[in-house]
Amino acid sequence: MATSAKTKPTVFIIFGGTGDLNHRKITPALYNLFLDGWLPAEFAIIGTGRTELTDEQFRNNLLQGINQFSRKGKAEKAKWKEFSEHITYQISNIKEAKAYAEFAQRIHHYQQEWQLEPCIVYYLAVSPGFFPVIAENIAKSKLAGTLATTRIVIEKPFGRDLASARQLNTLLGSIFEESQIYRIDHYLGKETVQNILAFRFANALFEHIWNRNYIDHVQISVSEQLGVESRGDFYETAGALRDMVQNHLFQLLCLVAMEPPVSYHADEVRNRKVDVLNALRTIRPDEVSQVAVRGQYGAGWIEGKKAIGYHQEEDVAANSAQLTFAALKLFIDNWRWQGVPFYLRTGKRLSETDSVITIQFKPVPHQSFPPEATTNWQPNRLIINIQPCMGIRMQFQAKRPGLEMALHPVEMQFSYDDFEKAGAPTEGTPEAYETLLLDITRGDSTLFMRADQVEAAWQVLMPIIEAWEATPAADFPNYEAGTRGPVEADALIAKDGHSWMV
Ligand code: BG6
């Protein structure tokens, strides 16, 4: 178990304290960090929102969130009591200076009580429209501090296009140092996502074949059975490109394609990632229809249950042209990846919930075996299972037992359960938010998006966003819930002689 000496006294101010993200993710993650001894003895959580609540009511709401969503299950009474004493609630209008004067008073109170200068973490779990006003008010109230004393955490989406992301970066940059700004992409906190770096750069085995000479193509697929749930309001302004591709899928792409970093230092890792984004080939407006497919789900069936279409979801316009599915074919113009297609795909209300990266290697240069031996032959594939399965699988050919030579594809597998067998028992897999919150309190920004990364990611997507916004799809909904998405996405990859692996 870790010692709490690793983080300094911290006050978390959670904007959007009564919201879904705090309920499901932030407070359950902080509670687990507390249970595992990662939080210092001196910490405070101030939730803020517009609803009038007593501290006790607020704590009870959070307790329900923990009981329902924490990976460790229901909170134990005594531990919860101890933790909840660190939580208070402040009703506030975050547009008014008065709210920030109250924060300052509360911070001062903790400072007096602890006789130590705390680190303040402003967590903006609010809709993006409020980011600027909160940042400006923090500045006006002289609460912006320095990296040693203050951090601001911004949830995605960071901007809704290149221009708005730049504007937000400029505003934040005028108030905070870049090292104080933590742009969250929760995929980067996932164990299996962090493991991509470990797999690639702590092993000598694959690096010399990790390039255009041996790799035929790469697939990055993030499928969800879930629909937009209660987030119709948000989703209507976002859609699959902004919600998933610009951040989560591009980060996975960067980790697969980046050059080896010299050190595991935040800026070094992020420099190598931004190199990938900068090398992504610019998509010309007239190419969009050949390299990008959009989709929206209609009603259907998922695992025997009826699922409504996107148009019938709560807070969604009956004729909405918003996309719930996107598939792209991208190229990285550099020495390592020239000519290797990267196929990306994500969608809601698909048949499976599965996030998988497939690296498909090139065929053998010459087939030595007779045709009858190779009827089941398949190229080598390395499959990185992000979730819900967590592991890595290597597919290769083996001789099928028998008197004749016949090849058959087989797999070698690593699963996270294997750590136990390898004599390295773990304390369970932390939720992405646990890892990220701990990194924020330690001031480590390796797993967060830097300003230039966010802008480079938008830059790549802008031609597609503009083309699609200029011509809304006339055929939506174009896939049934519970299927693999629109047939055009299969055609996108089939044109090159491939098919989606999952
Ligand atoms: C969020 C998106 O960032 O990621 C959601 O806003 C999506 O739409 C979610 O469902 C997926 O995250 P995870 O961790 O469940 O794969």
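One-based numbering, in listed order, for ligands and for the atoms of each. Everything quoted here is computed from the prediction, not taken from an experiment. Residue indices begin at 1 and follow the sequence shown.
- Nearest residue to atom 13 (P) of ligand 1 from K190, H248, E224 is K190 (criterion: closest heavy atom).
- For F199 and F206, the distance between ring centers is under 6.0 angstrom.
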- Item | Step-by-step side chain to side chain contact (heavy atoms under 4.5 Å, CB included) determination, H186 to Y433 | CA-CA 7 Å; H186 79 279; Y433 275 88; 3.7 Å; yes
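- Protein heavy atom closest to atom 8 (O) of ligand 1, with residue, atom name and distance, is D243 OD2, 2.5 Å.
- Looking at every heavy atom in both residues, L33 comes nearest to L438 through CD1-N, 4.0 Å.
- Of all protein heavy atoms, the one lying nearest to atom 15 (O) of ligand 1 is Q387 NE2, 4.2 Å.
- The residue Y235 has no part lying near ligand 1, judged by heavy-atom distances below 4.0 Å.
- Under 3.5 Å, the side chains of R393 and Q413 contain no donor-acceptor pair of N or O atoms.
- Rounding to the nearest 0.5 Å gives a distance of 13.5 Å between CZ of R270 and CG of D275.
- In the model, S320 has a side-chain atom that pairs as donor or acceptor with a side-chain atom of E236 under 3.5 Å.
- Listed by number with element, the atoms of ligand 1 under 4.0 Å from a non-hydrogen atom of K348 are 5 (C), 7 (C), 8 (O), 10 (O).
- Every atom of ligand 1 with a heavy atom of R231 under 4.0 Å away is listed here by number and element: 2 (C), 5 (C), 6 (O), 8 (O).
- The protein non-hydrogen atom at the shortest distance from atom 12 (O) of ligand 1 is H186 NE2, 3.2 Å.
- No side-chain donor-acceptor contact under 3.5 Å links S223 and D354.
- Not close to ligand 1: L226, with no non-hydrogen atom less than 4.0 angstrom away.
- Each of the following atoms of ligand 1 lies closer than 4.0 Å to a heavy atom of K156: 1 (C), 2 (C), 3 (O), 6 (O).
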